[in-house]
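The structure appears below as C-alpha cells.
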Amino acid sequence: MCEDRKDMSTDLRDSRSRAASTPSGPSAAAAGPPAPGPRAVAELHDLVIDWFDENARDLPWRAPDAGAWSVMVSEFMLQQTPVSRVLPVHQEWLARWPRPADLAQESPGEAVRAWGRLGYPRRALRLHAAATAIAQRHGGEVPREHDELLALPGVGEYTAAAVASFAYGRRHVVLDTNVRRVFARLVSGTAYPPNATTAAERRTAGGLLPADEATAARWAAATMELGALVCAARSPACGSCPVAARCAWRLAGSPAHDGPPRRGQTYAGTDRQVRGRLLAVLRASSDPVPQAVLDGVWHEPVQRARALDGLVADGLVEPLADGLYRLPA
DNA sequence: TAGACGTGGCA
DNA sequence: TTGCCAAGTCT
C-alpha cells in the first residue's frame with residue numbers, strides 16, 4: 001500500500017492538471033463541486049491518514065488502553081470546549097469514575113461539581129444520565145451501535161458517530177465543526193461551512209468515507225485532527241497541509257467568507273452569565289446555600305430570579321425549604 | 001430552525 | 001479591548 005502511493009500521487013497530479021487546463025470537463029457543469037474519482041479519493045485518504053500518523057496529538061482518550069467510556073466522557077467534555085481545558089478534568093473523572101456504573105452511583109450534583117468550569121454544565125447532568133442508562137439498560141457497557149448511542153441523553157448525531165467510530169472502530173460519517181471546515185475548503189472552496197449542517201455536507205462526507213471499516217475510523221479521526229491543527233478557523237497553516245495542493249479553496253485564491261455572518265455569541269449581561277455565577281457559588285459550597293448569598297452574585301433581581309428558576313427547571317439546582325439551594329442530590 | 005446554553009484564550 | 005472561536009445538543 002505504501003508502494004503504489006507514489007504512483008497514485010503522480011496520477012493525481014496529472015489528472016488535476018488535465019482538469020485545470022480543460023475548461024469543458026464532464027462534471028464541470030454540475031451544481032456542486034465535481035466528485036473526485038476513486039483514485040483521487042484513495043490518494044486523499046492516504047495523504048490525510050499518513051499525516052495523522054505523524055502528527056496526531058497524544059491524547060489520553062486515544063491511548064491504546066483507553067476504553068469506550070473514556071472516549072465517551074471526552075466527547076461530552078469536548079462539545080464546545082477546547083482540548084486543553086478538557087484534559088485535566090477528563091483525567092479526574094476517569095480516575096474517580098472508571099466505569100459508567102461508578103458515575104451512576106453518584107448524585108447528579110457531584111457530576112455537576114466535578115464538571116468544574118468546563119461550561120455548559122447541563123452536559124454533566126446528561127453524562128450522568130447517560131451513565132445511569134448504560135448501567136441500567138446496557139449492562140454497564142457503553143453501547144456500540146449508533147442508534148443505541150443516539151438514544152442516550154446528551155448524545156446527538158455527532159457524538160454517537162464519534163463514539164462508535166473512535167471507541168469501536170465502526171464506519172460512520174463523523175461530521176464535527178473541524179471536519180465540516182476541512183471539507184468546505186477542500187471540496188467546496190469556501191472559507192467556512194454553512195451555519196447549520198446541510199444535506200450536501202452529509203453527502204460530501206459520505207462520498208469521501210473509506211469503504212473499509214478500520215480505514216473509515218482512521219479517516220474520521222484524521223480529518224478532525226487536520227481541522228483542529230492545520231485547517232484552523234482563523235489562521236490556517238496551509239504550508240503544513242498534506243492536501244493543500246488539491247484544496248479547492250486554495251486553488252480559488254483563498255477567497256474571504258462571503259455568506260451570512262457567522263453566528264456570534266454574546267455573553268456579558270445575559271442569563272447565561274448569571275446562571276454561571278449562581279452555579280459557581282453552589283459548586284464551591286458543600287452545604288446548602290441561602291438565597292441571600294445567591295442574591296449577591298447579580299444586582300438585577302428579575303434577571304437573577306429568572307436565571308435561578310431556569311437552573312432549577314433544568315435540574316442543575318435543587319431548592320430546599322427555608323430558602324436554601326444546593327446542587328441536586 | 002433559530003436560539004439558548006458557560007467559559008476562557010487568543011488575535 | 002472586543003470579538004471570534006472551541007470534538008454540539010436540545011427544544
Side-chain angles (χ1 to χ4, degrees), chain A residues 52 56-57 59-62 70-90 112 115-127 129-130 149-167 172-182 191-199 201 205 217 220-229 231-236 256-257 260-283 297 303 306-307 309-311 313-317:
Chain A
F52 184 60
R57 288 168 292 181
L59 301 170
W61 45 89
R62 284 181 183 159
S70 176
V71 173
M72 186 165 167
V73 170
S74 79
E75 290 303 336
F76 270 75
M77 291 181 172
L78 288 165
Q79 291 168 4
Q80 302 285 281
T81 303
V83 168
S84 58
R85 291 174 49 208
V86 164
L87 247 13
V89 185
H90 178 271
V112 172
W115 196 253
R117 305 191 66 80
L118 287 182
Y120 293 145
R122 290 191 293 194
R123 292 182 293 166
L125 235 34
R126 290 173 182 152
L127 182 48
L149 288 161
L150 196 54
L152 296 172
V155 176
E157 185 67 35
Y158 161 77
T159 301
V163 172
S165 186
F166 303 152
H172 289 287
V173 168
V174 179
L175 211 47
D176 80 321
T177 187
N178 290 304
V179 178
R180 295 181 62 222
R181 188 174 54 251
V182 168
Y192 295 103
N195 279 335
T197 305
T198 63
E201 287 182 273
T223 47
M224 282 181 62
E225 192 77 336
L226 186 64
L229 299 185
C231 197
R234 269 183 280 194
S235 46
H257 177 68
R262 319 229 327 115
R263 200 167 80 207
Q265 9 178 3
T266 53
Y267 181 63
T270 61
D271 287 6
R272 279 154 82 180
Q273 183 179 25
V274 187
R275 288 166 57 107
R277 289 194 182 185
L278 290 168
L279 213 50
V281 171
L282 291 163
R283 274 198 313 264
V297 309
Q303 189 179 24
R306 184 173 64 231
D309 286 349
L311 289 170
D314 287 345
L316 284 163
V317 172

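Numbers restart at 1 for each chain; the letters A, B, ... are given by sequence-line order, proteins then strands.
If you find the closest nucleotide of DNA chain B to Leu118(A) and to Arg234(A), the one lying nearer the 5' end belongs to Leu118(A). Residues Leu59(A) and Val155(A) both approach DNA chain C. Their nearest nucleotides, taken by heavy-atom distance, put Leu59(A) toward the 5′ side. Mapping Gly154(A) and Tyr158(A) onto DNA chain C by nearest heavy atom places Tyr158(A) closer to the 5' end of the strand.
Note on Tyr192(A): only backbone sugar-phosphate atoms sit closer than 4.0 angstrom, heavy atoms only; bases stay farther off. Within the 4.0 angstrom heavy-atom criterion, only backbone atoms of the sugar-phosphate kind lie near Ala233(A); the bases stay farther away. Among the heavy atoms of the strands, none lies under 4.0 Å from Leu175(A). Nucleic acid contact for Arg57(A): base, since at least one base atom lies under 4.0 Å from a heavy atom of the residue. Among the heavy atoms of the strands lying under 4.0 Å from Gly119(A) is at least one base atom, whether or not backbone atoms are also near. Using a 4.0 Å heavy-atom distance criterion, Val179(A) is classed as making no nucleic acid contact. Residue Arg283(A) is classed as a sugar-phosphate contact, given heavy-atom separations below 4.0 Å to backbone atoms only.
The CZ atom of Arg181(A) lies 10.5 Å from the CE atom of Met224(A); values are rounded to the nearest 0.5 Å. To the nearest 0.5 Å, the span separating OH on Tyr267(A) from CD on Gln273(A) amounts to 5.0 Å.
A straight line from CG of Leu279(A) to C1' of dA4(B) spans 16 Å, rounded to a whole angstrom. When rounded to the nearest whole Å, the span between CH2 of Trp115(A) and C1' of dG6(B) equals 11 Å. Distance CG (Leu278(A)) to P (dT7(B)): 10 Å, rounded to an integer number of Å. Atom OH of Tyr267(A) and atom P of dT7(B) are 4 Å apart (whole Å). Taking atom CZ of Arg123(A) as the reference point, atom P of dA4(B) lies 18 Å away to the nearest angstrom. Rounded to an integer number of Å, the gap from CZ of Arg122(A) to P of dA4(B) is 11 Å.
In summary, contact between chain A and DNA chain C, defined as any nucleotide atom under 4.0 Å from a heavy atom of the protein, begins and ends at dG3(C) to dC10(C) in the 5' to 3' direction.
At a threshold of 4.5 Å between non-hydrogen side-chain atoms, the residues Val155(A) and Met72(A) count as touching. Side chains of Thr197(A) and Tyr158(A) form no contact here, defined as non-hydrogen atoms less than 4.5 Å apart.
The gap from the P atom of dT9(C) to that of dG8(B) amounts to 23 Å, rounded to the nearest Å. If you take atom C1' in dA6(C) and the same atom in dT1(B), they sit 23 Å apart, rounded to whole Å. The separation of dC10(B) from dA7(C), taken at their P atoms, amounts to 15 Å, rounded to a whole angstrom.
The heavy-atom pair separating Arg57(A) from Arg62(A) by the smallest distance is O-NH1, 3.0 Å. Here the closest non-hydrogen pair linking Val89(A) and Trp115(A) is CG1-O, 4.2 Å. Taking both residues in full, the closest heavy atoms of Ala217(A) and Phe166(A) are given as O-CE2, 4.3 Å, listed atom of the first, atom of the second, then distance.
Under a 4.0 Å N-O distance rule, the pair Arg123(A)/Glu75(A) does not qualify as a salt bridge.
Contacts of Thr270(A) classified as side-chain hydrogen bond (donor to acceptor under 3.5 Å, both in side chains), with partners at least two apart in sequence or in another chain: none. For Arg234(A), the side-chain hydrogen bond (donor to acceptor under 3.5 Å, both in side chains) criterion is met by no residue, not counting sequence neighbours. Remark: Arg306(A) pairs with Asp271(A) by the salt bridge (Lys or Arg N to Asp or Glu O under 4.0 Å) rule, at least two apart or across chains.
Tyr120(A) and Arg272(A) share a side-chain donor-acceptor pair at under 3.5 Å.
The stretch residues 78-85 of chain A touches DNA chain C through Leu78(A), Gln79(A), Gln80(A), Pro82(A), Val83(A), each having a heavy atom under 4.0 angstrom from the strand. Against DNA chain B, the stretch residues 269-277 of chain A makes heavy-atom approaches under 4.0 Å through Asp271(A), Arg272(A), Arg275(A), Gly276(A).
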>> side-chain contact (heavy atoms from CB on, under 4.5 Å), that's the test. Do Val317(A) and Leu279(A) meet it? Break it down for me.
In response: CA-CA 8 Å; Val317(A) 172; Leu279(A) 213 50; 3.8 Å; yes
